[in-house]
Number of protein chains: 2
Amino acid sequence: MAQKIKLSTIAETLGVSTATVSLALRDSPLVAETTRERIKEKARALGYIYNRRAASLRTRRSGIIGVVVRDIINPFYAEILGAIESELDRSRQTFILSNHYDSVEKQRNFIETLLQLGGDGVIMSPAIGTPAADIRLAEENGMPAILVARSVDNVDVPTFRGDDAYGVSLATNHLIGLGHRTIAMVGGSDHTSTGRDRYRGYTDALDRAGIPVDESLRIPGPRTKQGGFEAAVHFLSMRQKPTAAVCWNDLVAIGLMSGIARAGAIVGRDVSVTGYDDLEEAAIATPALTTVWNRQADVGRSAARALLDKLSGSSEPNGLHLIKPEMRIRQSTGPLKLAVLHGREGRQA
Amino acid sequence: MAQKIKLSTIAETLGVSTATVSLALRDSPLVAETTRERIKEKARALGYIYNRRAASLRTRRSGIIGVVVRDIINPFYAEILGAIESELDRSRQTFILSNHYDSVEKQRNFIETLLQLGGDGVIMSPAIGTPAADIRLAEENGMPAILVARSVDNVDVPTFRGDDAYGVSLATNHLIGLGHRTIAMVGGSDHTSTGRDRYRGYTDALDRAGIPVDESLRIPGPRTKQGGFEAAVHFLSMRQKPTAAVCWNDLVAIGLMSGIARAGAIVGRDVSVTGYDDLEEAAIATPALTTVWNRQADVGRSAARALLDKLSGSSEPNGLHLIKPEMRIRQSTGPLKLAVLHGREGRQA
DNA sequence: CTGAAAGCGCTTACAG
DNA sequence: CTGAAAGCGCTTACAG
């Protein structure tokens, strides 16, 4: 590569000071218009590249925002990220992305790297078991944090997530309304606030309908398509013979539906399945998935805006912002048909 | 936040020079072990945060690597990224990710931002229409580029991608071997090297089998599940009555299968479908998808290693590195059954 | 409207 | 083995 072009190169070429060049390139009204144009023109001609490290060393603003989630391969996070990206893009922030795969250590490394780079802020969907101290590490070093999708106890930062208990109760009520009484819950765990809230939504709905809660109808664990697919065997062989499944998320539901289909049963007729999130692919699965819209885009957008507001000095209220999910009824759920699933007597549609 | 701790803070506290602190923190053997330990201990105690901007301003190495692909929501790219991530992680590089959504402008902005941040290198799956000049912009400013999944003409940088023509010909041959003669090609376009190569693989296989190529059996465009799903109507109403479809990728294939299933036909029996990539979910789709393993992990890993090698001074050979795909035969393809699909006369399995 | 000078927090020769 | 000093490329008061 050729000689590196810097501010002083432009300044010397044009016979002005570096201060003038610096101001001109940032469109300062302090510089006369003609001077400004000459400078910008020359910068372009020389192929000048602004050195943000040098600038941010001085200004203490880097224009970098960190985002860390469990796993971007999960479309749920990908959809949140999409909204964050478009929001940050328009205010010309660069964002650095990382997965933590629920490793608190990996997450902490990321926060430290971000601090070293002078990150202006961080949006995180915290790893399971994140200690409050890790969030404070960021905050105390002048890097505000915003939480999405999951909460952390004993930490007072803006948190945006869906109202999980309410959302799952919507799905459960929908199934109860269709006549189902033996309803399994597939996926998730008690290790996250989300997991606890979703299970509570399920049991609350059963309670309100006067249906006894049976712990053994819960298949904890699955959170991916693969997991849902593998859970199908367990689900189909339960001695209680559930006629419906409330799934942890759409991925689990889609995997479960695939497993059920392979076993020869028809979802939506023989057995009903609900998802959670309303991912893009929920509507085009066969059968189309009945699910709960978790408003990923709203979560991402709100979080990004909250951070930008904080950076620009306005005082965003801390604390939890619950976003109300909505039911999406499609073909994977249908009215209870007795004795169809587990004593299939050859009846055809 | 408290007073910012810097090297000089530690130096003063301990009564040594900043040079010594700097060397000690980086484990230089030039510093006596006891001094080194005292310094590291103190740094920890004070909560010192290394300022990488300041350091990189001096060293001209940032530890930042950029990665830009079309769209990380696409699992194909997500799988490549996963491999890049684990490779870069182990050499403690930070990576900055961006989507370009096939906008050359968005991609150029990203390259410029990366240059401003002093990025050490960039791995890109170039946007459609990327001019050679944009790659040169990076290279000429000392930031080496590596290409994945797609090539750019007139540019001599290491490029890693699957052998698309060969891969699609594998899928096409498989269908021909099952007796299919009227085979549609669903998805993709001629705007990318990949698109042209895959179509060529399809026509080459037909040619070799003495089957005339019929342009109207091609449904260009789809590249997502949604696209494949929507193409089902077109596919099922073609006057040539194709008995099989070679799909652009697994997403298109899975969407197409869903659309075909909704129309009441059975994939793998009435009509055969092949995918491309062998995404994780291909094996758990119902029916399990016959596809071509595109070795995403190998592509990502090779690209990351090539870049790291280049950064450490070894001279990685430029040019194209084709990675050989492999066939994965599952349940979505089966032997031709005449007159089943388009004149369904009620025969049951 | 423009310039001279200091300083952001590191690292790197250079001396001792 | 350790220290004093210069410099990476910007921006920011301060003067004029």
Side-chain angles (χ1 to χ4, degrees), chain A residues 1 3-40 42-43 46-64 112-113 115-120 141-142, chain B residues 1 3-40 42-43 46-64 112-113 115-120 141-142:
Chain A
M1 76 181 147
Q3 189 58 37
K4 202 89 177 182
I5 309 296
K6 42 191 175 175
L7 270 192
S8 60
T9 320
I10 302 174
E12 283 163 25
T13 315
L14 255 30
V16 296
S17 74
T18 58
T20 304
V21 176
S22 172
L23 293 168
L25 291 179
R26 283 173 297 143
D27 282 321
S28 163
L30 290 176
V31 179
E33 173 143 3
T34 51
T35 319
R36 204 193 314 164
E37 283 313 317
R38 264 175 63 224
I39 290 173
K40 296 179 89 166
K42 182 57 80 181
L46 291 174
Y48 170 65
I49 288 172
Y50 180 67
N51 187 327
R52 265 160 74 159
R53 292 167 297 183
S56 88
L57 188 56
R58 189 67 226 263
T59 62
R60 320 181 132 289
R61 267 296 199 111
S62 64
I64 291 177
E112 265 164 24
T113 299
L115 286 170
Q116 294 179 356
L117 292 171
D120 293 338
N141 283 285
Chain B
M1 79 182 142
Q3 189 59 36
K4 203 90 178 181
I5 310 295
K6 44 192 174 176
L7 270 192
S8 60
T9 320
I10 302 174
E12 283 165 23
T13 315
L14 256 31
V16 297
S17 75
T18 59
T20 303
V21 176
S22 173
L23 291 168
L25 290 180
R26 282 173 297 143
D27 282 321
S28 163
L30 290 176
V31 179
E33 174 143 3
T34 51
T35 320
R36 205 192 317 161
E37 284 313 318
R38 265 175 63 223
I39 290 173
K40 296 180 88 168
K42 182 56 80 180
L46 291 174
Y48 170 66
I49 287 172
Y50 180 66
N51 187 327
R52 266 162 73 159
R53 291 167 296 182
S56 87
L57 188 56
R58 188 68 227 264
T59 62
R60 319 182 133 290
R61 267 296 199 112
S62 64
I64 290 177
E112 266 164 23
T113 299
L115 286 170
Q116 294 180 356
L117 292 171
D120 293 337
N141 284 286

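None of these values were measured; they are calculated from a predicted model. The analysis underlying the following values was restricted to heavy atoms, covering all of them including side chains, and did not include hydrogens, waters or symmetry mates. Just so it is clear: chains get the letters A, B, ... in the order the sequence lines come, proteins before strands, and each one is counted from 1.
Nearest nucleotide to the A/Leu30 side chain, out of D/dC10, C/dG9, C/dT2: C/dT2. With D/dT2, C/dC10, D/dT11 as the candidates, the nucleotide lying closest to the side chain of A/Leu7 is D/dT11. Taking only side-chain atoms of B/Arg26, from C-beta outward, the nucleotide of C/dT2, D/dC10, C/dT12 with the closest atom is C/dT12. Listed nucleotides: C/dT2, C/dT12, C/dG9. Nearest to the side chain of B/Leu57: C/dG9. Listed nucleotides: C/dC10, D/dT2, C/dT2. Nearest to the side chain of A/Val31: C/dT2.
Dashed line: the shortest gap from a side-chain N or O of A/Ser56 to OP1 or OP2 of D/dC10 is not under 4.0 Å. Checking the phosphate oxygens (OP1, OP2) of D/dT11, no side-chain nitrogen or oxygen of A/Arg60 falls inside 4.0 Å.
When rounded to the nearest whole Å, the span between CZ of B/Arg38 and C1' of D/dT2 equals 12 Å. The interatomic distance linking A/Leu14 (CG) with C/dT2 (C1') rounds to 13 Å, in whole Å. Atom-to-atom, CZ of A/Arg52 to P of D/dC10 comes out at 13 Å; the value is rounded to the nearest Å. If you measure from atom CG of B/Asn141 to atom P of D/dG9, you get 13 Å, rounded to the nearest angstrom. Atom CD1 of A/Ile10 and atom C1' of D/dG9 are 12 Å apart (whole Å). The separation between A/Lys4 atom NZ and D/dG9 atom P is 8 Å, rounded to whole Å. Summarising the geometry, the separation between CG on A/Asn51 and P on D/dG9 is reported as 7 Å, rounded to the nearest angstrom. As rounded to whole Å, 7 Å separates atom C1' of C/dC10 from atom OH of B/Tyr50.
Pairing each heavy atom of A/Gly119 with each of A/Ser62, the nearest pair is CA-OG, 3.7 Å. Here the closest heavy-atom approach between residue A/Arg36 and residue A/Ala24 is recorded as CG-O, 3.5 Å. Across all non-hydrogen atoms, the minimal contact from A/Tyr48 to A/Leu25 is CE2-CD1, 3.6 Å.
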Find every protein N or O atom lying less than 3.5 Å from an N or O atom of nucleotides 14-16 of chain D, and list the pairs.
none

For nucleotides 3-7 of chain D, which of its nitrogen or oxygen atoms have a protein nitrogen or oxygen under 3.5 Å away, and what is each distance?
{"residue": "D/dG3", "atom": "OP2", "partner": "B/Ser17", "partner atom": "N", "Å": "2.9"}
{"residue": "D/dG3", "atom": "OP2", "partner": "B/Ser17", "partner atom": "OG", "Å": "3.3"}
{"residue": "D/dG3", "atom": "OP2", "partner": "B/Thr20", "partner atom": "OG1", "Å": "2.9"}

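One distance of note links OG1 of B/Thr20 with CD1 of B/Ile10; it measures 12.0 Å at 0.5 Å rounding. In this structure, the separation between CG on A/Asn141 and CD1 on B/Ile5 is 9.0 Å, given to the nearest 0.5 Å. The distance from the CG atom of B/Asn51 to the NZ atom of B/Lys4 is 8.0 Å, given to the nearest 0.5 Å. Remark: B/Arg58 CZ to A/Leu57 CG distance equals 13.0 Å, nearest 0.5 Å.
Within the structure, every pair that satisfies the salt bridge (charged side-chain N to carboxylate O under 4.0 Å, His left out) test and touches residues 18-30 of chain B, not counting sequence neighbours, is listed here: B/Asp27-B/Lys40.
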**Study point:** Pairing pattern in dot-bracket form [Watson-Crick, G-U; both distances under 3.5 Å; | = partner strand] for DNA chain D
**Key:** |||.||||||||.|||
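Listed by chain and residue number, nothing satisfies the side chain to side chain donor-acceptor pair (under 3.5 Å) test with A/Ser8 (two or more places apart in sequence, or in another chain). A search for salt bridge (charged side-chain N to carboxylate O under 4.0 Å, His left out) contacts involving B/Arg61 returns B/Asp120, not counting sequence neighbours.
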Practice item. Under the side chain to side chain contact (heavy atoms under 4.5 Å, CB included) rule, what do B/Leu117 and A/Leu117 come out as? Steps first, then yes or no, please. Key: CA-CA 10 Å; B/Leu117 292 171; A/Leu117 292 171; over 6 Å; no
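Judged by distance alone, the side chain of A/Ser22 and the main-chain N or O of A/Thr18 form no donor-acceptor pair under 3.5 Å.
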